[in-house]
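One structure is given below, represented as structure tokens, and several questions about it will come after.
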Amino acid sequence: MRDVAVIGIGCTPFGEKWGSSFRDLFVQAGTMALEDAGVAGEEIGAMYVGNMSAGRFIEQEHVGALIADYAGLASDHIASTRVEAACASGGLSFRQAFIAVASGIEDIVVAAGVEKMTDVGTGASVDALAGAADREWEGFVGATFPGLYAMIATDYMNRYPLTREQLAEVAVKNHYNGARNPIAQFSQEITIETVLSSSLVADPLRLFDCSPITDGAAAVVLAPLERAREYTDTPVRVLASAQASDTIALHDRRDISTLDATVAAGKRAFAMAGLSPGDIDLVEVHDCFTIAEICAIEDLGFCRKGEAGRLTAEGVTALGGDLPVNTSGGLKACGHPVGATGIKQVCEVVQQLRGEAGRRQVDGARIGMTHNVGGTGATVAVHILGV
Amino acid sequence: MRDVAVIGIGCTPFGEKWGSSFRDLFVQAGTMALEDAGVAGEEIGAMYVGNMSAGRFIEQEHVGALIADYAGLASDHIASTRVEAACASGGLSFRQAFIAVASGIEDIVVAAGVEKMTDVGTGASVDALAGAADREWEGFVGATFPGLYAMIATDYMNRYPLTREQLAEVAVKNHYNGARNPIAQFSQEITIETVLSSSLVADPLRLFDCSPITDGAAAVVLAPLERAREYTDTPVRVLASAQASDTIALHDRRDISTLDATVAAGKRAFAMAGLSPGDIDLVEVHDCFTIAEICAIEDLGFCRKGEAGRLTAEGVTALGGDLPVNTSGGLKACGHPVGATGIKQVCEVVQQLRGEAGRRQVDGARIGMTHNVGGTGATVAVHILGV
Amino acid sequence: MSVARFWRKIPQRYNLTGTRCATCGRYFFPPRYLCPDCRRAGKIGEHRFSGMGKVVTYTVIRTASEQFEQMTPYVLAIVELDEGPRLTAQLVCSPDEVRIGMRVRPVFRRISADGESGVIHYGTKFAPENP
Amino acid sequence: MSVARFWRKIPQRYNLTGTRCATCGRYFFPPRYLCPDCRRAGKIGEHRFSGMGKVVTYTVIRTASEQFEQMTPYVLAIVELDEGPRLTAQLVCSPDEVRIGMRVRPVFRRISADGESGVIHYGTKFAPENP
Ligand SMILES: [Zn+2]
Ligand SMILES: [Zn+2]
């Protein structure tokens with residue numbers, strides 16, 4: 001097992017990109033990442049592509065090969081593999097790329113994520129996203145994805161001190177950060193009233209508690225640490241890579257409000273890096289819904305169960321706080337092109353650790369974490385990066 | 001990089017399994033593989049699942065977690081990852097599992113493949129399968145999957161000496177083998193006349209040139225070679241694992257009748273194993289259509305371009321021949337549950353190398369190869385196994 | 001939309017037929033054919049649940065997927081059956097009525113109608129035990 | 001079925017508008033915005049193809065997916081445009097007429113009709129140059 005570094009990153013602007021196709025989006029992100037790394041195409045040994053549901057969104061499977069082809073790499077016949085775990089597809093793509101480099105099988109590997117969601121209508125995309133949960137025993141009876149997280153929120157708010165206003169603070173904070181991120185889907189700050197007056201989607205979650213439907217792609221280039229300086233003056237080390245699973249259906253979990261897969265992946269990541277929560281300077285967590293960020297902060301060990309709402313309201317997780325959470329704007333404000341999200345999280349942390357995050361820079365950030373969830377917590381990927 | 005061995009295999013019967021759901025099929029194959037390996041569930045460190053299109057066939061994504069859950073492993077929170085490359089999904093799942101063990105990241109890893117295809121009608125499954133090729137520039141204009149391989153056949157027969165009868169011999173041989181495989185979808189031998197009198201699907205390919213629509217699952221258990229004897233007296237070593245890509249669309253290939261990704265993956269595999277085609281005792285090739293087997297035999301280097309039809313007619317690739325090809329019956333007669341095929345190929349080779357292949361046993365088989373193709377050749381996985 | 005996929009589960013969805021592991025005594029609904037605790041040692045048999053249980057958590061779905069659009073708003077809950085297993089189901093009650101811990105009983109209802117194929121899916125919903 | 005997905009490609013499908021790499025001179029249809037030979041050094045511009053070309057290989061589709069079922073049998077071919085790139089297209093000719101190497105010209109036709117949405121997709125097919 002060799003040490004691995006991120007040597008280049010690229011990310012398209014996120015949003016409703018009607019003019020861009022699936023392959024256009026990837027080419028844009030991939031080109032940026034290679035340019036950032038100063039890597040020539042022919043040096044790439046393999047690619048991993050995180051994508052949830054191109055089969056449903058654009059009727060196209062086999063997107064690993066598609067993307068290697070449109071990246072101009074077909075004649076090199078590089079290995080290109082699609083990895084899928086719903087909303088955690090990007091995180092798993094990064095992990096597989098990490099394993100490929102760490103093992104010595106490959107030197108230069110691209111980890112990418114893409115989702116083109118706006119080629120179908122809202123009803124169809126809600127239905128495609130429900131494929132992240134248990135189609136036979138959740139989707140069949142009318143459970144939507146926001147509905148499942150809403151049931152987590154109901155359970156959580158019944159057992160722990162979390163007010164509706166504190167939950168809204170998560171969205172307010174993430175929009176504040178998103179307004180400082182040039183690639184974010186939403187560039188407007190919002191207030192608690194914006195959230196509380198938005199329409200109910202699944203009680204108690206309102207429209208502004210939910211991440212949007214987004215098109216986007218992101219890519220990063222990995223290399224063995226010992227070769228990273230050939231390409232960049234600012235390599236970012238991968239200190240830990242961890243993955244965990246849990247029951248596909250929310251109703252089968254040990255505890256509705258604790259994502260045990262987050263707990264497991266978090267512990268494994270800290271153990272691998274030899275670090276503890278106090279060592280983390282910033283974290284990108286999977287805030288597909290506001291309640292998800294609350295659970296993530298706790299389940300990763302940054303505070304005790306039931307405390308995250310208060311800490312959020314106190315500004316601890318804000319840009320200037322002790323533990324900035326979702327400086328990118330998170331899934332909520334930066335947008336959530338499902339398969340791309342896990343890679344975008346890595347891009348954000350790398351930008352922060354390089355000191356290139358502009359108006360949302362966390363001063364002196366040296367260690368960052370990413371947390372990417374599939375479904376309601378059936379898959380979780382956690383990575384720790386450091387300089 | 002450690003040496004890796006297959007220590008257990010399991011495969012459901014292939015066919016139209018109306019009584020079994022996606023998760024039922026996997027549980028059946030997974031249980032058989034663990035029983036064969038004598039491995040307890042809690043020893044499993046990770047799972048990889050090859051699946052092409054559960055999103056389209058059963059509206060379910062995130063099947064890595066689903067399968068770990070229904071295998072009873074959710075409370076261990078093991079890493080479970082779905083890998084997709086159309087019809088090569090199984091081969092890539094095996095490769096990722098191999099990498100996980102070889103790298104030392106995991107000890108006991110399950111590589112599985114599942115496809116549940118008969119839950120939708122024929123039209124819908126033809127359409128889902130077209131997602132393996134380029135949806136925008138092949139499928140959009142009415143290219144079906146058999147149609148694309150038919151264009152390979154037209155080009156091939158125009159340039160090389162291959163008769164319609166020789167092509168039919170591929171199907172006849174594979175049905176002969178399938179009739180000797182208890183899990184095969186088709187247990188009847190056929191004649192050249194059966195093939196030539198079957199209905200045209202896409203000229204010159206007829207119904208009996210095509211692999212069927214199939215439900216099925218397969219699973220294998222991998223372990224470091226140094227620990228394999230704790231579990232089995234008959235470990236089978238993974239001597240090589242290789243993967244290659246090419247353009248997603250057939251029309252963009254350098255040569256219509258040569259699958260360059262097969263050529264590349266084959267060469268990489270032989271180089272990794274330090275072997276040459278003459279060392280291979282049997283090979284499972286990806287005969288989604290009869291013409292595909294012809295191309296595969298040549299592109300893997302077993303003979304020169306244009307010779308495979310004659311060799312097939314001469315019986316060289318038959319059970320008693322110099323190079324038995326598709327002793328399982330291949331995709332053609334054993335069946336082709338897309339994501340499971342690459343793993344089933346491994347199961348077949350392992351059975352042969354253990355000397356457990358019954359009426360289709362290749363005497364003294366010591367080295368076998370698998371060849372798994374995605375789409376019309378945009379992804380190819382090649383593995384070499386040995387005892 | 002598939003037909004076999006739904007036929008296959010009719011006994012389970014119409015009659016709440018799940019499974020039970022005779023080895024450890026654990027009940028499963030939705031049914032499992034491999035006991036996560038006993039694994040291959042588990043002896044799985046069928047079990048028909050009474051369907052009596054209580055609400056663990058719930059929501060009110062206001063924006064639904066296409067098949068359920070005309071039913072909104074509807075109450076969705078996780079119900080814990082008295083034998084232990086939990087399932088996701090719709091509740092036949094008003095959004096104001098539902099409470100965590102509320103006792104419920106099973107009722108047989110139309111679950112959804114597939115616009116394309118015209119197939120109507122039936123199954124079990126739950127109603128307050130004491131209305 | 002998606003609408004934006006098809007609108008986006010109308011210029012390409014109606015007018016055979018592809019791309020060309022000014023750096024190496026290579027033509028692309030279907031269009032590419034990254035030249036596989038020159039990669040980031042490639043300067044990509046649009047190019048409208050005349051559509052004249054020849055048949056590289058072909059088949060006759062007898063069993064089609066749902067959207068194309070009513071058109072069977074139809075001739076499907078890989079056509080090499082005179083500028084070099086190849087594409088997959090239907091031929092407007094009888095199954096007996098098609099030959100490898102046959103010269104073809106472009107014709108604008110209905111490609112398929114989406115039963116569900118009623119949307120009709122148009123695009124380029126090819127006919128024998130000298131009928
Ligand atoms: Zn048990
Ligand atoms: Zn060029």
Side-chain angles (χ1 to χ4, degrees), chain A residues 56 120-159 198-207 209-210 213 245-257 289 291 376, chain C residues 1-2 5-6 8-9 12-13 18 28-32 36 53 55-81 84-91 95-96 98-101 109-115 121-126:
Chain A
R56 308 264 333 253
V120 296
T122 307
S125 66
V126 168
D127 198 54
L129 292 172
D134 188 330
R135 169 65 59 176
E136 296 301 329
W137 300 104
E138 295 184 319
F140 177 82
V141 298
T144 59
F145 212 61
L148 293 167
Y149 272 95
M151 292 200 292
I152 296 177
T154 303
D155 179 69
Y156 187 103
M157 296 174 90
N158 184 55
R159 293 163 58 197
S198 65
S199 59
L200 276 163
V201 172
D203 307 14
L205 301 182
R206 295 175 178 273
L207 188 61
D209 288 298
C210 309
I213 301 284
S245 68
D246 203 341
T247 64
I248 186 83
L250 179 63
H251 54 236
D252 279 333
R253 303 280 164 76
R254 185 188 60 79
D255 181 328
I256 303 285
S257 289
F289 301 93
I291 183 65
T376 54
Chain C
M1 175 77 74
S2 140
R5 232 177 85 197
F6 298 104
R8 198 181 298 130
K9 297 205 167 55
Q12 308 168 356
R13 289 192 174 127
F28 303 106
F29 194 93
R32 285 176 185 265
V55 170
V56 175
T57 184
Y58 64 89
T59 183
V60 183
I61 304 284
R62 316 250 174 198
T63 304
S65 65
E66 281 162 353
Q67 277 189 277
F68 293 90
E69 253 167 17
Q70 79 292 354
M71 303 169 92
T72 56
Y74 55 90
V75 181
L76 188 80
I78 292 179
V79 170
E80 183 171 302
L81 300 174
R86 293 172 170 188
L87 71 160
T88 301
Q90 287 187 33
L91 297 191
D96 300 334
V98 57
R99 294 287 177 275
I100 287 176
R109 288 286 188 281
R110 194 181 82 160
I111 299 288
S112 66
D114 186 337
H121 299 302
Y122 293 91
T124 302
K125 297 186 179 181
F126 290 84

| With respect to chain C, which residue among A/A249, A/G121, A/S199, A/A202 yields the maximal number of heavy-atom pairs within a distance under 4.5 Å? |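 Winner by heavy-atom pair count: A/A202.
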
| task | Could you tell me which of A/T122, A/L205, A/T154, A/D155 has the largest number of non-hydrogen atom pairs under 4.5 Å with chain C? | result | A/T154

| task | With sequence neighbours left out, write down each residue that passes ring pair (Phe, Tyr, Trp, His ring centres under 6.0 Å) with C/Y58, or none if nothing qualifies. | result |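 C/Y58 satisfies ring pair (Phe, Tyr, Trp, His ring centres under 6.0 Å) with no residue once adjacent residues are dropped.
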
| task | Would you indicate whether the side-chain heavy atoms of A/I256 and C/R86 approach each other to under 4.5 Å? | result |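 Result yes, sub-4.5 Å side-chain heavy-atom pair found.
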
| Does the side chain of C/S65 reach to within under 4.5 Å of the side chain of A/F145, using non-hydrogen atoms? |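 C/S65 vs A/F145: side chains apart.
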
| query | Does the side chain of C/T63 come within less than 4.5 Å of A/T144's, by heavy atoms? | reply | no

| message | By the definition side-chain contact (heavy atoms from CB on, under 4.5 Å), identify the one residue from C/T124, C/L87, C/T88 that meets it with A/V141. | response | C/T88

| query | Which answer fits A/A130, side chain, backbone, both or neither, if we ask what part of it has an atom under 4.5 Å from a heavy atom of chain C? | reply | neither

| said: I need the residue from A/G142, A/A150, A/G123, A/G147 with the largest number of non-hydrogen atom pairs under 4.5 Å to chain C. | reply: A/G142

| said: What I'd like to find out is whether the side chain of A/F140 reaches to under 4.5 Å of the side chain of C/K9, using heavy atoms alone. | reply: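 No, side chains not in contact.
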
| When rounded to the nearest 0.5 angstrom, what distance separates CG in A/L148 from CD1 in C/I78? |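 Answer rounded to 0.5 Å: 7.5 Å.
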
| query | C/R32 versus chain A, heavy atoms under 4.5 Å apart: side chain, backbone, both or neither? | reply | side chain

| request: Measure the spacing between CZ of A/R206 and CZ of C/R62 and express it to the nearest 0.5 Å. | output: 8.5 Å

| query | Which heavy-atom pair separates A/G139 from C/F68 by the least distance, and what is that distance? | reply |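 Closest heavy-atom pair between A/G139 and C/F68: O-CE1, 3.8 Å.
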
| query | Does any pair with a residue in residues 126-135 of chain A pass side chain to side chain donor-acceptor pair (under 3.5 Å), and if so which ones, sequence neighbours excluded? | reply |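 As it turns out, the side chain to side chain donor-acceptor pair (under 3.5 Å) pairs with a partner in residues 126-135 of chain A, which skip direct neighbours, are A/R56-A/D127, A/D127-A/R135, A/D134-B/R23.
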
| query | Where does C/L76 contact chain A at under 4.5 Å (heavy atoms): side chain, backbone, both or neither? | reply |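 C/L76 touches chain A through backbone and side-chain heavy atoms alike.
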
| CD-CD distance between C/Q12 and A/E136, expressed to the nearest 0.5 angstrom |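 C/Q12 CD to A/E136 CD: 9.0 Å, rounded to 0.5 Å.
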
| field | Region of C/I111 that comes under 4.5 Å of a non-hydrogen atom in chain A | value |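 For C/I111, the contact with chain A is made by the side chain alone.
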
| Would you say C/T57's side chain and A/M151's backbone share a donor-acceptor pair under 3.5 angstrom? | yes

| request: Name the region of C/F28, side chain, backbone, both or neither, that has any atom closer than 4.5 Å to a heavy atom of chain A. | output: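 Neither part, no heavy atoms under 4.5 Å.
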
